[in-house]
Amino acid sequence: MNEKRSEQSGPIRTGVRARGGSLAPGSVVGDGRYRLLAQFGIDERAGAHLWRARDGQLRRDVALTLLVGDPADAEAARQARKTLERATHAAKFNHEAVARVLDVLTLGSGITSGEGLLGVVVTEWTKGTDLIDLVADRPVQPLAAARMVQRLAEAVERAHHSGLVLGLDHPQRLRLTTEGSLRLAFPGPLPDATLRDDVKAIGGILYLLLTGRWPLPGGPAAIPAAPHAPNGRLVPPRSLQPSVPQELSSLAVRTVEDGGPGGIRTSAAIVRALEMAAEAEERTQLIKAQMEADGDGTIWTTKKPVKDRARRRKLALGVTVLVVAAVAILAWLGMLAISFFQDDPSSGGPPINVANPTPTASASAPVNPSPNPPPSTGGQAQIGAAVGPESVTVYNPDGNGDNTSRARNTVDGDPTTIWRTDQYRQQFPAIKEGVGLLASFDKPINLAKITVAADSPGTSIEVRLSDSRNPELADTRVIGTATLNGQTTDITLPQPQQTQYVIIWITQLSDTDKGYQSQIGELTFLPAQ
């Protein structure tokens, strides 16, 4: 299906007869405000009809989740009210992977009983492709599927931290954006949906992308159901598509199924598992690419080693020449350094001590050796080469961290891969004291300077030291502060500090158009020499 059909006409289904009228393109709902354009699915479990519509007042396209039913049916009305209450709570949630709830209409407030509706959830329209169309011809490539689901899983994790259930366990509620990421386009969780249902939905969506089949109950008729083995267990994606890596195949099954060993039950667990599986597949693809071709088109694989002995001899000779040249250059530089610091016989002066440019004692004065040099009493410390931490984790003593799976991006050597805080509606410390990153080193370093690469002006940070990996904030101590301004910010400590655990603690977020949020691209830790 091409993009034009997905965007303009959509997969139009048969209009459903509602009490008091017909839900068909051109009909209007919501006291005549919303004109229906195209239907994109039906979630039969809740009587939810998913439509693209035109807002006649604001002249913009919106997504409508129409809860169809008889207002005289007390149980149906009760279930609808619960769904609408959940949608109202979701209006406070803000994430790129979830369409923003604009309005919630109820009987007597936006809709009338004559429309045959129990409620309407109005959300912003998501441009892109219908998820069913995405897998109609062939499954998605495994690595692309993992990355698509990963962003959606991060939204689930953040929602669960706020106690919200998103209700994405129906593929027609999702769309692929023009940027290539999955988005919950029609929010409206079922009345009895749980946090676990959201987690299982992530596994179900991964299974769908890998196989083109839906493994959960209540799926649309347009998608084939996933097969089960005679023992009732879900058939792994790898059995249907041999190209699916074992890690992703196992991850999908472990997330969907309730029983069995190694099951994944929480949003945080699946975010971590997806990150690991995606990185493993990226490494596999890179290794394959390096093994399959070199510069002149010769095939290099473990099954067919190169037998060109002449090429190997040339390569070995070239490497030897480079090594000899490097040694010679280093030797020459060493001789220059020695001659530079040698005594000058014609000067008649004492030898120069480069550590103390202005000696206060004569050259013949005895020196009292000491295994531990005295602490510095002033002056700028000499900076050594950067030291990479063993790990970086999100530090949030008030609860769960922000974007925990992306903390490692701050020490990967690439400033363009970033870690972001959550997006807040209030500035720190109104909602909490702050949030930060904790860098752990394999052994103590003599920290002298930190460089922060971040396009996040106005962010205020504190450099704190800790004696453990999981300290209380009151047990840490501040050794430096800075306000980020520009692409990089240097924080030079007054005195070098011996430490194994360093916390970059954000006390004030950057003020953005969408709220308060800060980001960090790279952290560089520089010790004193």
When you check the gap from the basic side-chain N to the acidic O, do R33 and D55 get nearer than 4.0 Å?
yes
Practice item. Identify whether the distance between the nearest side-chain nitrogen and carboxylate oxygen of K82 and E85 falls below 4.0 Å. Key: no
At what distance, to the nearest 0.5 angstrom, does [atom1] of [X] lie from [atom2] of [Y]?
X	Y	atom1	atom2	value
L526	Q382	CG	CD	13.0 Å
Q150	L206	CD	CG	11.0 Å
E522	W419	CD	CH2	13.5 Å
I520	D455	CD1	CG	12.5 Å
D412	I418	CG	CD1	11.0 Å
L176	T129	CG	OG1	5.5 Å

*Counting only heavy atoms not in Q241, do more than 12 sit closer than 6.0 Å to its CD atom?*
yes
| said: More than 12 heavy atoms of other residues, nucleotides or ligands under 6.0 Å from CG of N470: yes or no? | reply: no
Please check if the side chain of [X] supplies one atom and the backbone of [Y] the other of a donor-acceptor pair under 3.5 Å.
X	Y	result
W51	A53	no
Q423	K514	yes
R86	L190	yes
S250	E247	no
D198	L166	yes
Q427	L509	yes
T524	I450	no
T194	D197	yes
R54	Y34	no
Y395	L473	yes

Shortest non-hydrogen contact from [X] toward [Y]:
X	Y	result
P415	G413	CD-O, 3.7 Å
F441	V387	CE2-O, 3.6 Å
G212	I223	O-CG2, 3.7 Å

TODO: Applying side-chain hydrogen bond (donor to acceptor under 3.5 Å, both in side chains), run through T126 and R183 and close with a yes or a no.
DONE: CA-CA 8 Å; T126 299; R183 195 183 202 204; 3.1 Å; yes
Given the options V271, V98, I205, L274, L152 meets side chain to side chain contact (heavy atoms under 4.5 Å, CB included) only with I205
Side chain to side chain contact (heavy atoms under 4.5 Å, CB included) filter on T488, not counting sequence neighbours, yields T451, A453
R238 meets the side chain to side chain contact (heavy atoms under 4.5 Å, CB included) criterion, sequence neighbours left out, with Q246, S249
- Does any non-hydrogen side-chain atom of Q498 lie less than 4.5 Å from one of I445? no
request  = Kindly indicate whether the side chain of P471, heavy atoms from C-beta on, has any atom under 4.5 Å from the side chain of R464.
outcome  = no
(message) Could you go through V121 and L66, starting from their C-alpha distance and side-chain angles, then the distance that decides it, and tell me whether this counts as side chain to side chain contact (heavy atoms under 4.5 Å, CB included)?
(response) CA-CA 7 Å; V121 180; L66 307 176; over 6 Å; no
*asked:* Walk me through whether T65 and T123 qualify under side chain to side chain contact (heavy atoms under 4.5 Å, CB included).
replied: CA-CA 8 Å; T65 300; T123 55; 5.7 Å; no
task: Take E275 and R408, measure what side chain to side chain contact (heavy atoms under 4.5 Å, CB included) needs, and give me the verdict at the end.
output: CA-CA 11 Å; E275 179 72 20; R408 70 185 70 183; 4.2 Å; yes
In D402, T459, T512, the residue satisfying side chain to side chain donor-acceptor pair (under 3.5 Å) with S518 is T459
Parallel, tilted or perpendicular: which describes the rings of W125 and F40, with under 30° parallel and over 60° perpendicular? tilted
Apply side-chain hydrogen bond (donor to acceptor under 3.5 Å, both in side chains) to residues T492 and D490 and explain how you reach the verdict. CA-CA 6 Å; T492 303; D490 291 333; over 6 Å; no
Take E154 and R406 through the test side chain to side chain contact (heavy atoms under 4.5 Å, CB included) and record every step on the way to the result.
CA-CA 10 Å; E154 290 172 358; R406 298 182 179 272; 3.1 Å; yes
The side-chain hydrogen bond (donor to acceptor under 3.5 Å, both in side chains) partners of N485 (sequence neighbours excluded) come to none
